[in-house]
**Student:** 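Got a structure here, written out as C-alpha coordinates. Questions coming.
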Amino acid sequence: MKTESMNSAGFIRTGPASDEIKNLFSSIASKYDLANDIITFGMARRWRRNLVRWSSEGLSAIQRVLDCATGTGDIAFEFARTFQNAEVIGCDFCEPMLKVASNKITRKFTDAAEHIRFELADTMSLPYRDAQFDVSSIAYGIRNVKDVPQALAEMARVTRPGGYVMILETGVVENRFLRAFVHLHFQAVVPFLGGLISGRQSAYQYLQKSSSEFPSGDTFCDVLRSVNRFSKVEYRPLLGGASYIYRAQVR
Ligand SMILES: C[S@@+](CC[C@H](N)C(=O)[O-])C[C@H]1O[C@@H](n2cnc3c(N)ncnc32)[C@H](O)[C@@H]1O
(Lines give C-alpha, C1' and ligand atoms only; values in the text may rest on other atoms or scores of the structure.)
Protein backbone atom coordinates (compact mmCIF):
# COMPACT_ATOMS: atom_id res chain seq x y z
CA MET A 1 0.00 0.00 0.00
CA LYS A 2 1.26 3.48 -0.88
CA THR A 3 2.21 5.65 2.07
CA GLU A 4 0.13 8.62 3.01
CA SER A 5 1.07 12.20 2.29
CA MET A 6 -0.72 15.50 2.21
CA ASN A 7 -1.00 17.64 -0.91
CA SER A 8 -0.04 21.29 -1.09
CA ALA A 9 -3.55 22.36 -0.06
CA GLY A 10 -2.67 20.73 3.23
CA PHE A 11 -5.06 18.04 4.20
CA ILE A 12 -6.35 16.05 1.29
CA ARG A 13 -4.66 12.70 1.40
CA THR A 14 -2.80 11.60 -1.68
CA GLY A 15 -2.21 8.13 -0.22
CA PRO A 16 -4.54 5.11 -0.19
CA ALA A 17 -7.93 5.47 -1.83
CA SER A 18 -11.07 5.05 0.29
CA ASP A 19 -11.52 1.50 -1.03
CA GLU A 20 -8.02 0.58 0.12
CA ILE A 21 -8.78 1.98 3.58
CA LYS A 22 -12.00 -0.05 3.69
CA ASN A 23 -10.13 -3.20 2.66
CA LEU A 24 -7.44 -2.55 5.25
CA PHE A 25 -9.97 -2.29 8.09
CA SER A 26 -12.00 -5.22 6.73
CA SER A 27 -8.89 -7.37 6.93
CA ILE A 28 -8.19 -6.58 10.60
CA ALA A 29 -11.77 -6.09 11.89
CA SER A 30 -12.00 -9.30 13.92
CA LYS A 31 -8.70 -8.65 15.72
CA TYR A 32 -8.93 -4.84 15.91
CA ASP A 33 -10.01 -4.56 19.57
CA LEU A 34 -7.47 -7.04 20.88
CA ALA A 35 -4.60 -5.48 18.94
CA ASN A 36 -5.67 -1.99 20.02
CA ASP A 37 -5.77 -2.89 23.71
CA ILE A 38 -2.36 -4.53 23.61
CA ILE A 39 -0.66 -1.87 21.51
CA THR A 40 -1.95 1.06 23.60
CA PHE A 41 -1.66 -0.81 26.94
CA GLY A 42 -5.39 -0.14 27.34
CA MET A 43 -4.80 3.63 27.38
CA ALA A 44 -6.97 4.27 24.32
CA ARG A 45 -9.98 3.10 26.34
CA ARG A 46 -9.29 5.70 29.01
CA TRP A 47 -8.78 8.39 26.38
CA ARG A 48 -12.11 7.57 24.73
CA ARG A 49 -13.76 7.97 28.15
CA ASN A 50 -12.03 11.37 28.52
CA LEU A 51 -13.47 12.46 25.18
CA VAL A 52 -17.00 11.49 26.21
CA ARG A 53 -16.66 13.23 29.56
CA TRP A 54 -15.28 16.44 28.05
CA SER A 55 -18.09 16.55 25.48
CA SER A 56 -20.64 16.90 28.29
CA GLU A 57 -18.90 19.82 30.00
CA GLY A 58 -20.76 22.97 29.01
CA LEU A 59 -23.75 21.28 27.38
CA SER A 60 -26.97 21.26 29.40
CA ALA A 61 -28.33 18.08 27.83
CA ILE A 62 -27.09 15.46 25.41
CA GLN A 63 -29.93 13.74 23.60
CA ARG A 64 -28.48 12.72 20.25
CA VAL A 65 -24.91 11.67 19.48
CA LEU A 66 -23.23 10.61 16.25
CA ASP A 67 -19.92 8.74 16.38
CA CYS A 68 -18.29 8.82 12.93
CA ALA A 69 -15.73 6.25 11.76
CA THR A 70 -16.98 4.32 14.77
CA GLY A 71 -15.18 1.12 13.79
CA THR A 72 -15.98 -1.49 16.42
CA GLY A 73 -18.07 1.09 18.27
CA ASP A 74 -16.19 1.73 21.51
CA ILE A 75 -16.81 5.50 21.60
CA ALA A 76 -20.47 4.97 20.72
CA PHE A 77 -20.84 2.45 23.57
CA GLU A 78 -19.11 4.86 25.95
CA PHE A 79 -21.60 7.61 24.99
CA ALA A 80 -24.51 5.18 25.45
CA ARG A 81 -23.22 4.12 28.88
CA THR A 82 -22.63 7.70 30.02
CA PHE A 83 -25.82 9.30 28.65
CA GLN A 84 -28.43 6.64 29.21
CA ASN A 85 -31.27 8.73 27.82
CA ALA A 86 -29.44 9.68 24.65
CA GLU A 87 -29.95 8.18 21.22
CA VAL A 88 -26.52 7.15 19.90
CA ILE A 89 -25.65 6.32 16.30
CA GLY A 90 -22.26 4.90 15.32
CA CYS A 91 -21.47 5.07 11.61
CA ASP A 92 -18.59 3.81 9.49
CA PHE A 93 -18.03 2.92 5.83
CA CYS A 94 -16.48 -0.48 6.60
CA GLU A 95 -19.11 -3.21 7.05
CA PRO A 96 -16.93 -5.81 8.82
CA MET A 97 -15.95 -3.24 11.48
CA LEU A 98 -19.66 -2.37 11.98
CA LYS A 99 -20.50 -6.05 12.25
CA VAL A 100 -18.10 -6.40 15.19
CA ALA A 101 -19.73 -3.30 16.74
CA SER A 102 -23.27 -4.65 16.28
CA ASN A 103 -22.31 -8.04 17.73
CA LYS A 104 -21.17 -6.29 20.90
CA ILE A 105 -24.73 -5.06 21.53
CA THR A 106 -25.88 -8.65 22.05
CA ARG A 107 -22.66 -9.94 23.64
CA LYS A 108 -21.63 -7.15 26.01
CA PHE A 109 -23.90 -4.12 26.01
CA THR A 110 -27.46 -5.46 26.14
CA ASP A 111 -28.52 -2.49 28.30
CA ALA A 112 -27.63 -0.15 25.45
CA ALA A 113 -29.63 -2.05 22.83
CA GLU A 114 -32.61 0.28 23.06
CA HIS A 115 -30.72 3.47 22.32
CA ILE A 116 -27.69 2.61 20.19
CA ARG A 117 -27.47 1.60 16.55
CA PHE A 118 -24.84 1.25 13.87
CA GLU A 119 -25.19 2.45 10.29
CA LEU A 120 -23.14 2.36 7.12
CA ALA A 121 -22.03 5.90 6.19
CA ASP A 122 -19.07 7.78 4.78
CA THR A 123 -18.01 10.66 7.05
CA MET A 124 -17.34 12.80 3.99
CA SER A 125 -21.00 12.64 3.00
CA LEU A 126 -23.17 11.92 6.02
CA PRO A 127 -26.76 10.79 5.36
CA TYR A 128 -28.20 12.89 8.20
CA ARG A 129 -30.15 16.15 8.29
CA ASP A 130 -28.56 19.43 9.42
CA ALA A 131 -28.22 20.19 13.15
CA GLN A 132 -29.60 16.83 14.34
CA PHE A 133 -26.98 15.95 16.93
CA ASP A 134 -25.80 17.58 20.15
CA VAL A 135 -22.38 16.00 19.73
CA SER A 136 -20.59 14.34 16.83
CA SER A 137 -17.30 12.55 17.40
CA ILE A 138 -14.53 10.76 15.56
CA ALA A 139 -11.74 8.78 17.23
CA TYR A 140 -8.62 7.70 15.36
CA GLY A 141 -10.62 8.10 12.16
CA ILE A 142 -10.05 11.64 10.88
CA ARG A 143 -6.53 10.87 9.64
CA ASN A 144 -7.95 8.11 7.44
CA VAL A 145 -10.52 10.16 5.53
CA LYS A 146 -9.60 11.36 2.07
CA ASP A 147 -10.56 15.01 2.57
CA VAL A 148 -10.20 16.10 6.18
CA PRO A 149 -11.86 19.58 5.94
CA GLN A 150 -14.81 18.05 4.06
CA ALA A 151 -15.31 15.43 6.79
CA LEU A 152 -15.08 18.09 9.52
CA ALA A 153 -17.55 20.31 7.64
CA GLU A 154 -19.98 17.39 7.40
CA MET A 155 -19.69 16.70 11.13
CA ALA A 156 -20.30 20.41 11.83
CA ARG A 157 -23.31 20.42 9.50
CA VAL A 158 -25.10 17.59 11.32
CA THR A 159 -24.29 19.05 14.78
CA ARG A 160 -26.59 21.73 16.22
CA PRO A 161 -25.30 25.28 16.83
CA GLY A 162 -23.62 25.31 20.25
CA GLY A 163 -23.01 21.56 20.09
CA TYR A 164 -19.57 19.99 19.86
CA VAL A 165 -17.51 18.18 17.26
CA MET A 166 -15.10 16.00 19.26
CA ILE A 167 -11.97 14.47 17.78
CA LEU A 168 -9.47 12.02 19.25
CA GLU A 169 -6.35 11.54 17.18
CA THR A 170 -2.68 10.64 17.50
CA GLY A 171 -0.13 13.43 17.84
CA VAL A 172 3.49 14.37 18.32
CA VAL A 173 4.93 14.05 21.83
CA GLU A 174 6.56 17.29 23.03
CA ASN A 175 9.19 15.87 25.40
CA ARG A 176 12.03 14.51 23.30
CA PHE A 177 12.85 11.54 25.55
CA LEU A 178 9.25 10.45 25.73
CA ARG A 179 8.99 11.15 21.99
CA ALA A 180 11.90 8.80 21.26
CA PHE A 181 10.22 6.07 23.30
CA VAL A 182 6.81 6.58 21.68
CA HIS A 183 8.44 6.73 18.23
CA LEU A 184 10.22 3.43 18.82
CA HIS A 185 7.00 1.90 20.10
CA PHE A 186 5.03 2.94 17.01
CA GLN A 187 7.86 2.27 14.57
CA ALA A 188 8.77 -1.22 15.76
CA VAL A 189 6.39 -2.61 18.38
CA VAL A 190 3.08 -1.60 16.80
CA PRO A 191 3.69 -3.17 13.36
CA PHE A 192 5.20 -6.25 15.00
CA LEU A 193 2.44 -6.86 17.55
CA GLY A 194 -0.33 -5.68 15.22
CA GLY A 195 1.01 -8.01 12.54
CA LEU A 196 1.31 -10.90 14.96
CA ILE A 197 -2.25 -10.51 16.25
CA SER A 198 -4.01 -9.70 12.97
CA GLY A 199 -1.73 -11.40 10.46
CA ARG A 200 -1.59 -8.08 8.57
CA GLN A 201 1.66 -6.31 9.41
CA SER A 202 1.29 -3.95 6.42
CA ALA A 203 -1.97 -2.60 7.88
CA TYR A 204 -0.19 -1.64 11.09
CA GLN A 205 2.74 -0.17 9.14
CA TYR A 206 0.21 2.06 7.37
CA LEU A 207 -1.45 3.05 10.66
CA GLN A 208 1.93 3.94 12.13
CA LYS A 209 2.96 5.96 9.06
CA SER A 210 -0.34 7.80 8.78
CA SER A 211 -0.22 8.87 12.41
CA SER A 212 3.36 10.13 12.18
CA GLU A 213 2.39 12.39 9.25
CA PHE A 214 -0.85 13.80 10.59
CA PRO A 215 -0.95 17.37 12.01
CA SER A 216 -1.60 17.71 15.73
CA GLY A 217 -2.05 20.34 18.45
CA ASP A 218 -2.13 23.95 17.20
CA THR A 219 -1.60 22.84 13.58
CA PHE A 220 -4.70 20.66 13.65
CA CYS A 221 -6.63 23.50 15.33
CA ASP A 222 -5.77 25.62 12.26
CA VAL A 223 -7.34 22.91 10.09
CA LEU A 224 -10.46 23.03 12.26
CA ARG A 225 -10.60 26.84 12.01
CA SER A 226 -10.14 26.68 8.23
CA VAL A 227 -13.49 24.90 7.99
CA ASN A 228 -15.14 28.13 9.16
CA ARG A 229 -17.92 26.42 11.06
CA PHE A 230 -16.65 26.66 14.63
CA SER A 231 -16.86 29.48 17.18
CA LYS A 232 -14.32 27.95 19.59
CA VAL A 233 -11.59 25.35 19.16
CA GLU A 234 -9.72 23.78 22.09
CA TYR A 235 -7.53 20.77 22.71
CA ARG A 236 -6.13 18.59 25.48
CA PRO A 237 -2.93 16.60 24.99
CA LEU A 238 -2.80 13.06 26.38
CA LEU A 239 0.42 11.42 27.54
CA GLY A 240 2.47 14.47 26.58
CA GLY A 241 0.94 14.61 23.09
CA ALA A 242 0.84 10.92 22.09
CA SER A 243 -2.83 11.62 21.36
CA TYR A 244 -4.97 14.75 21.46
CA ILE A 245 -8.63 15.41 22.11
CA TYR A 246 -10.02 18.39 20.20
CA ARG A 247 -13.31 20.07 21.00
CA ALA A 248 -14.81 22.42 18.44
CA GLN A 249 -18.05 24.27 19.18
CA VAL A 250 -20.37 24.66 16.23
CA ARG A 251 -21.34 28.21 15.38
C1 LIG B 1 -8.51 3.29 13.45
S2 LIG B 1 -10.21 2.90 13.20
C3 LIG B 1 -10.96 3.76 14.57
C4 LIG B 1 -12.20 3.07 15.05
C5 LIG B 1 -12.81 3.63 16.33
N6 LIG B 1 -13.30 4.96 16.17
C7 LIG B 1 -11.85 3.56 17.49
O8 LIG B 1 -11.70 4.54 18.22
O9 LIG B 1 -11.26 2.50 17.70
C10 LIG B 1 -10.61 3.94 11.85
C11 LIG B 1 -12.01 3.72 11.29
O12 LIG B 1 -12.29 4.77 10.37
C13 LIG B 1 -13.12 4.25 9.36
N14 LIG B 1 -13.11 5.20 8.24
C15 LIG B 1 -12.05 5.67 7.56
N16 LIG B 1 -12.44 6.56 6.63
C17 LIG B 1 -13.80 6.65 6.75
C18 LIG B 1 -14.79 7.42 6.08
N19 LIG B 1 -14.47 8.27 5.09
N20 LIG B 1 -16.07 7.29 6.46
C21 LIG B 1 -16.41 6.42 7.45
N22 LIG B 1 -15.53 5.66 8.11
C23 LIG B 1 -14.23 5.79 7.77
C24 LIG B 1 -12.51 2.89 9.08
O25 LIG B 1 -13.40 2.05 8.40
C26 LIG B 1 -12.19 2.42 10.50
O27 LIG B 1 -13.26 1.69 11.05
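Just follow the structure's listing: the first ligand is 1, and inside any ligand the first atom is 1.
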**Student:** Out of Phe25, Tyr32, Phe93, whose heavy atom is nearest to atom 21 (C) of ligand 1?
**Tutor:**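 Nearest option to atom 21 (C) of ligand 1, by heavy atoms: Phe93.
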
**Student:** Closer than 4.0 Å to some heavy atom of Ala121 - which atoms of ligand 1 meet that?
**Tutor:** 20 (N), 21 (C)

**Student:** If you measure from each non-hydrogen atom of Ile75 to ligand 1, which part falls under 4.0 Å: side chain, backbone, both or neither?
**Tutor:** neither

**Student:** To check your reading of the model: name the closest protein heavy atom to atom 19 (N) of ligand 1, its residue, and the distance in Å.
**Tutor:**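 Ranked first by proximity to atom 19 (N) of ligand 1 is Asp122 OD1, 2.8 Å.
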
**Student:** Would Thr70 count as a contact residue for ligand 1, given that I'm defining contact as a non-hydrogen atom of the residue lying under 4.0 Å from a ligand atom?
**Tutor:** yes

**Student:** Output the distance between atom OG1 (Thr70) and atom CD1 (Ile89), rounded to the nearest 0.5 Å.
**Tutor:** 11.0 Å

**Student:** Quick test: of every protein heavy atom, which one is nearest to atom 20 (N) of ligand 1, and how far off is it to 0.1 Å?
**Tutor:** Thr123 N, 2.9 Å

**Student:** Between Tyr235 and Ser216, do the side chains contain an N or O donor and an N or O acceptor separated by less than 3.5 Å?
**Tutor:**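 Their side chains do not contain a donor-acceptor pair, so the 3.5 Å distance test is not met.
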
**Student:** Would you find a donor on one side and an acceptor on the other, under 3.5 Å apart, between the side chain of Gln150 and the backbone of Met124?
**Tutor:** yes

**Student:** Checking the side chain of Asp122 only, and the main-chain atoms of Phe93 only, is there a donor and an acceptor separated by less than 3.5 Å?
**Tutor:**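 The answer is no, because no donor-acceptor pair under 3.5 Å joins these two groups.
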
**Student:** As an exercise, identify every atom of ligand 1 less than 4.0 angstrom from a heavy atom of Asn144.
**Tutor:** 10 (C), 15 (C), 16 (N)

**Student:** Between Glu57 and Trp54 (side chain of the first, backbone of the second, donor and acceptor by atom type, cut-off under 3.5 Å), is there such a pair?
**Tutor:**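 Checking the backbone N and O of Trp54 against the side chain of Glu57, no donor-acceptor pair under 3.5 Å is found.
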
**Student:** Do me a favour and list the nearest non-hydrogen protein atom to atom 12 (O) of ligand 1 with residue, atom name and distance?
**Tutor:**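 In this structure, atom 12 (O) of ligand 1 has Ala69 CB, 3.3 Å as its nearest protein heavy atom.
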
**Student:** Purely on distance, is any nitrogen or oxygen of Asp67 under 3.5 Å from one on ligand 1?
**Tutor:** no

**Student:** Please indicate whether Arg129 has more than 12 foreign heavy atoms, meaning atoms of other residues, nucleotides or ligands, lying under 6.0 Å from its CZ.
**Tutor:** no

**Student:** Above 12 or not: heavy atoms from other molecules or residues under 6.0 Å from CD of Glu174?
**Tutor:** no

**Student:** Could you list which atoms of ligand 1 come closer than 4.0 Å to a heavy atom of Met97?
**Tutor:**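 Every atom of ligand 1 under 4.0 Å from some heavy atom of Met97: 27 (O).
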
**Student:** What's the separation between atom CD1 in Ile197 and atom CG in Asp33, rounded to the nearest 0.5 Å?
**Tutor:** 11.5 Å

**Student:** Is Tyr246 reaching over with its side chain to a backbone N or O of Arg236, donor-acceptor style, under 3.5 angstrom?
**Tutor:** no

**Student:** Around atom 13 (C) of ligand 1, find the nearest protein heavy atom and jot down its residue, atom name and distance.
**Tutor:** Asp92 OD2, 3.3 Å

**Student:** First locate atom CZ of Arg247, then atom CD of Glu234, and finally report the distance between them rounded to the nearest 0.5 Å.
**Tutor:** 4.5 Å

**Student:** Are any of the N/O atoms in Ala139 less than 3.5 Å from those in ligand 1?
**Tutor:**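 Checking ligand 1 against Ala139, an N or O pair does fall under 3.5 Å apart.
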
**Student:** Which residue owns the protein heavy atom closest to atom 10 (C) of ligand 1, what's the atom, and how far is it?
**Tutor:** Tyr140 O, 3.3 Å

**Student:** In terms of atom number and element, which parts of ligand 1 are under 4.0 angstrom from non-hydrogen atoms of Arg48?
**Tutor:**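 The atoms of ligand 1 under 4.0 Å from a heavy atom of Arg48 are 7 (C), 8 (O), 9 (O).
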
**Student:** Under 4.0 Å from a heavy atom of Cys94: give me the atoms of ligand 1 that qualify, with their elements.
**Tutor:**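 Close to Cys94: 25 (O).
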
